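To start, the structure under review is shown below, and the notes come after it.
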Amino acid sequence: AQGIARTGATLGPTVGAQSFTAAASGLSPVTFTETAGAAGVEVWTGAADGNWSNAGNWNPALVPGSGDSVVVGPGPNQPSLTATTSIAALSIATGGSVTLNAQTLNVARTLATTGTGLLVMTDPADLAQVGGNAVFDGGNELNSLSAGTLVIAGNLTQLATNSADSYHPSNTHITRFTGQNPAISFATPGLVPGSSHFENVEWTGTGTLTLGSDVMAHGTLSAGASGITGTITSAGHGLTLGGLNSVATVLDNTTLTIEA
């Protein structure tokens, strides 16, 4: 029989392929098969190639969306973005790396590196925007964060479980804080290899920037095109910069050093 039948279906909780059959009186039944993913978690396998947007590289076999938490670890290929990408959270673990490849990566919540994991930003067009906190406790980022802009709405924490250089931007890289009251902490602050720091750093808020450790930058601390207007506070820590663009910055219990 021929004709048109309309139906709707909701995938169940089981991960993987699911089938259902649509039937109507006088028409031949038709079976549909769809794939259900695990509760918002996508794990990189790299089984096909290095294209982030290829579903064959993910388990379950779905390209991550804005509601998905993403885990990138070891695999025969490591992911490189090919388009603007939006996800809920990103964890880059041992053996994993994520290359922005002149694209924009939007992470709604937390971005974290662990083990030997790396975030790779080497193109001036690279833009990573983190809606929550960023935690860098991964591999040596020296030469891997050499260009582009990392925007953080929350706090930045650098740890050194595996590498003292786990947050070591260079060249033209910019770290931009957009929150009103962000906190910054480095486990291994310094301006030489074997330590972590900023290259250029911006804070566009007007509240209080809290330093949980000594903080250093080769370049300038600014509010982008304008000067800092908020308060920088700490428990007696030092802030060492290549320059400071200040309009009305208040330093609270913090020692400022400008290096030529």
Side-chain angles (χ1 to χ4, degrees), residues 37-44 52 58 63-73 79 81 83-94 96-100 103-115 117-121 126-139 141 144-145 148-163 166-169 173-187 189 196-213 215 217 221 223-224 228 230-234:
V41 177
E42 289 285 335
V43 179
W44 174 263
W52 176 290
W58 296 98
V63 178
S66 59
D68 293 320
S69 295
V70 172
V71 178
V72 176
L81 272 59
T84 296
T85 299
S86 296
I87 57 177
L90 175 61
S91 175
I92 311 173
T94 291
S97 66
V98 173
T99 300
L100 266 62
Q103 303 296 333
T104 296
L105 173 64
N106 299 308
V107 182
R109 300 195 300 268
T110 300
L111 182 153
T113 65
T114 59
L118 294 173
L119 177 67
V120 181
M121 302 177 66
D126 289 346
L127 175 61
Q129 301 185 111
V130 181
N133 299 329
V135 179
F136 283 83
D137 192 21
E141 289 279 7
S144 292
L145 296 174
T149 303
L150 171 61
V151 181
I152 303 171
N155 306 324
L156 171 71
T157 302
Q158 181 262 331
L159 302 173
T161 302
N162 293 284
S163 174
S166 58
Y167 194 72
H168 194 137
H173 188 272
I174 298 170
T175 307
R176 178 181 300 140
F177 294 89
T178 58
Q180 287 299 306
N181 301 292
I184 299 171
S185 179
F186 285 86
S196 285
H197 58 263
F198 297 110
E199 185 60 32
N200 300 291
V201 58
E202 300 176 357
W203 174 41
T204 60
T206 57
T208 300
L209 172 62
T210 300
L211 309 183
S213 66
V215 173
L221 170 61
I228 298 291
T231 297
I232 300 175
T233 188
S234 75

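Owing to the predicted nature of the structure, the values given are computational and were not obtained by experimental measurement. We count residues from 1, following the sequence as given.
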Between [X] and [Y] (side chain of the first, backbone of the second, donor and acceptor by atom type, cut-off under 3.5 Å), is there such a pair?
X: Asn181; Y: Thr208; answer: yes
X: Ser196; Y: Tyr167; answer: yes
X: Asp137; Y: Thr161; answer: yes
X: Thr85; Y: Ala83; answer: yes
X: Gln158; Y: Ala187; answer: yes
X: Asn155; Y: Asn133; answer: no
X: Trp52; Y: Val63; answer: no
X: Trp203; Y: Gly179; answer: yes
X: Thr210; Y: Ala183; answer: no

Min side-chain heavy-atom separation [X]-[Y] under 4.5 Å:
X: Pro79; Y: Val72; value: yes
X: Leu118; Y: Leu145; value: no
X: Leu150; Y: Val130; value: yes
X: Leu221; Y: Ile232; value: yes
X: Trp44; Y: Val98; value: no
X: Arg109; Y: Ser69; value: yes
X: Phe136; Y: Leu111; value: yes
X: Leu90; Y: Leu105; value: yes

Identify the two heavy atoms, one from [X] and one from [Y], that lie closest to each other, and give their separation to 0.1 Å.
X: Ser234; Y: Leu211; answer: CB-O, 3.3 Å
X: Gly115; Y: Thr94; answer: CA-OG1, 3.0 Å
X: Pro64; Y: Ile87; answer: CB-CG2, 4.0 Å
X: Gly131; Y: Ala153; answer: O-CB, 3.4 Å
X: Glu141; Y: Thr113; answer: OE2-CG2, 4.5 Å
X: Thr206; Y: Gln180; answer: OG1-OE1, 3.0 Å

Give the C-alpha distance, both sets of side-chain angles, the deciding distance and a yes or no for side chain to side chain contact (heavy atoms under 4.5 Å, CB included) between Asp68 and Trp58. CA-CA 12 Å; Asp68 293 320; Trp58 296 98; over 6 Å; no

Once you round to the nearest 0.5 Å, how far does [atom1] of [X] lie from [atom2] of [Y]?
X: Ile184; Y: Thr175; atom1: CD1; atom2: OG1; value: 8.5 Å
X: Leu100; Y: Leu119; atom1: CG; atom2: CG; value: 6.0 Å
X: His173; Y: His168; atom1: NE2; atom2: NE2; value: 12.0 Å
X: Ile92; Y: Ser97; atom1: CD1; atom2: OG; value: 7.5 Å
X: Leu159; Y: Ser185; atom1: CG; atom2: OG; value: 7.5 Å
X: Gln129; Y: Ile152; atom1: CD; atom2: CD1; value: 11.5 Å

Non-neighbouring partners of Glu199 that pass salt bridge (Lys or Arg N to Asp or Glu O under 4.0 Å), sequence neighbours left out: none

Could you tell me which residues satisfy side-chain contact (heavy atoms from CB on, under 4.5 Å) with Asn200, sequence neighbours excluded, listed by chain and number? Ile174

